[in-house]
Amino acid sequence: QQQNRRVFQQPVRGMEIFPAADATPWDLIKTVIADSDYYVLIVGGRYGSTGPEGISYTEMEYDFAHELGKPIIGFVHGEPDLIPAGKSEMEPEARRRLDDFRNKIAKKHFKTWITKDQLKSTLITSLVYTIRTNPQQGWVRNQGLDNQELLTRLAQLQAKFDLLSAEAEELKKIACLNSENKKYADGQDQFDLYFGWKDYKKSKAYRKTLSWDNIFYMLGETMLVPAKELQIKNMLVTMIYASLHEYPTIYEESILLKNSYEVQSKIHVDYLCLRAVIHQFLALRLIEAFPVPYQQESHGNFGASGTEIDRFWALTEKGRVRFLDRYAVLAEPVSSR
């Protein structure tokens, strides 16, 4: 069992680690990609430096990783028009090549991002999910790693995980027994989502009434993979943003702002409403907590944070079926001739 455990130490490999070898930069890049387990692609507003054939090294890397069958995790800026001019391509030809590259990536699975925090959150959850669902060999640099100490820590973590898993199973049984005769709000039942505008401490409380189905199908897309609680909160903000025209005072102020991101930053979802949404979907067995991956901290101990923005939630099997039953494309019936 211990032999099946993989240790990732200094797993990110970039241009700064390339040796001063008698080889072309592209040869070195291909070697690094071939030796890597996963390829992470982040596309912003620039196409990047190009090789002899006029194709950027980033696109060449992407094509090479795809050719080798490497698991690719792609992140594309969701609103390129908002990127400052100094960080965007100004030449028409370079912009055209960047648009073509974005269209190529769009044919595969990818995530969008706008802010650094969104990119960081999405990257972490996507990487954790990919490693979990598509495990690779992994690698460890030989720098005198104390294997006995590492195995001891892993054994301790396994024991803790087993204990928490047993407790979770007991809690599930208790919850099922206590809810046999209860009917939870669901479907077209209404829920009042309260929010503030601009200054959270001083603003007036506004109310947006939504059905539980509206909320679930909006959040379901986010929780198909483990999502941070902050992402769920941001999706509730997006739902409110889409209906700001229902609040004339707010709407008049919002149209004076520069872009949608600035408008959404002024919307504050009530924390108790956020908790109510999560607890309701937990009670309906539509979502479940996703364990935060243990990380090695700077002082050498393993730990995991439990703050609001670090909690992860994902659809259960029941939740996935319910979500996909609504949005999956059904086959057309074959007519007889």
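None of the values given here were measured: they were computed from a predicted structure.
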### Query
Between F216 and L315, is a side chain to side chain contact (heavy atoms under 4.5 Å, CB included) present by the stated rule, with each step listed?
CA-CA 10 Å; F216 173 73; L315 294 182; 3.8 Å; yes
Report yes or no: does [X] contribute a side-chain atom to a donor-acceptor pair with the main-chain N or O of [Y] at less than 3.5 Å?
| X | Y | answer |
| --- | --- | --- |
| Q118 | I114 | yes |
| T125 | T122 | yes |
| K30 | F64 | no |
| Y206 | L193 | no |
| Q264 | V237 | no |
| R46 | G44 | no |
| S165 | F161 | yes |
| K233 | H268 | no |
| T112 | V76 | no |
| D189 | D186 | yes |

Separation between [atom1] of [X] and [atom2] of [Y], rounded to the nearest 0.5 Å:
| X | Y | atom1 | atom2 | result |
| --- | --- | --- | --- | --- |
| C273 | K208 | SG | NZ | 13.5 Å |
| E93 | L98 | CD | CG | 11.5 Å |
| T249 | L244 | OG1 | CG | 11.5 Å |
| L41 | E59 | CG | CD | 10.0 Å |
| I131 | Q136 | CD1 | CD | 9.5 Å |
| I240 | I267 | CD1 | CD1 | 6.0 Å |

Judged by modelled atom types alone, do [X] and [Y] share a side-chain donor-acceptor pair under 3.5 Å?
| X | Y | value |
| --- | --- | --- |
| E61 | Y39 | yes |
| Y251 | E246 | no |
| D192 | Q190 | no |
| Q231 | W313 | no |

Could you check whether [X] pairs with [Y] (Lys NZ or Arg NE/NH1/NH2 to Asp/Glu carboxylate O, under 4.0 Å)?
| X | Y | value |
| --- | --- | --- |
| E229 | R275 | yes |
| K198 | E253 | yes |
| K104 | D99 | no |

Could you check if a side-chain atom of [X] sits within less than 4.5 angstrom of a side-chain atom of [Y], using non-hydrogen atoms only?
| X | Y | result |
| --- | --- | --- |
| E67 | D63 | no |
| T31 | D35 | yes |
| V263 | W197 | yes |
| Q280 | V277 | no |
| V225 | K111 | yes |
| F101 | I55 | no |
| L123 | W113 | no |
| K266 | L257 | yes |

Shared hydrophobic cluster, [X] / [Y] (ILVMFWY, side-chain heavy atoms < 4.5 Å):
| X | Y | value |
| --- | --- | --- |
| L210 | F281 | yes |
| F290 | Y129 | no |
| I278 | L286 | yes |
| I232 | Y241 | yes |
| I287 | Y327 | yes |

Which pair of non-hydrogen atoms, one from [X] and one from [Y], has the smallest distance, and what is that distance?
| X | Y | value |
| --- | --- | --- |
| K70 | A34 | NZ-O, 3.0 Å |
| K228 | S121 | CD-OG, 3.3 Å |
| F110 | I105 | CD2-O, 3.7 Å |
| L284 | A185 | CD1-O, 3.7 Å |
| E79 | L82 | OE1-CD1, 2.8 Å |
| G48 | S56 | O-CB, 4.0 Å |

### Task
Give a yes or no on whether R102 atom CZ has more than 12 heavy-atom contacts from other residues, nucleotides or ligands under 6.0 Å away.
yes
### Query
Got a sec: does the CZ of R132 have more than 12 other heavy atoms crowding it under 6.0 Å?
no
### Y247 and F195 aromatic centres sub-6.0 Å
yes
### Query
Centre of Y217's six-membered ring, under 6.0 Å away, within 45 degrees of the axis: is that where NZ or CZ of R326 sits?
yes
### R95 to Y47 six-membered ring, cation-pi geometry met (6.0 Å, 45°)
no
### Query
In terms of ring plane angle, is the pair Y57 and W26 parallel, tilted or perpendicular, where the classes change at 30° and 60°?
tilted
### Task
For L163 and K160, run side chain to side chain contact (heavy atoms under 4.5 Å, CB included): C-alpha distance rounded to whole Å, both residues' side-chain angles, the deciding distance at 0.1 Å, then the answer.
CA-CA 5 Å; L163 178 61; K160 183 181 293 186; 5.7 Å; no
### Query
Stepwise, does the side chain to side chain contact (heavy atoms under 4.5 Å, CB included) test hold for T238 with M218?
CA-CA 9 Å; T238 301; M218 185 69 175; 4.0 Å; yes
### Worked check of side chain to side chain contact (heavy atoms under 4.5 Å, CB included) between F75 and V43
CA-CA 6 Å; F75 304 93; V43 178; over 6 Å; no
### Task
Before giving the answer on ring-ring contact (aromatic ring centres under 6.0 Å, His included), spell out for W212 and F191 the whole-Å C-alpha distance, their side-chain angles and the decisive distance to 0.1 Å.
CA-CA 7 Å; W212 284 110; F191 175 71; 4.7 Å; yes
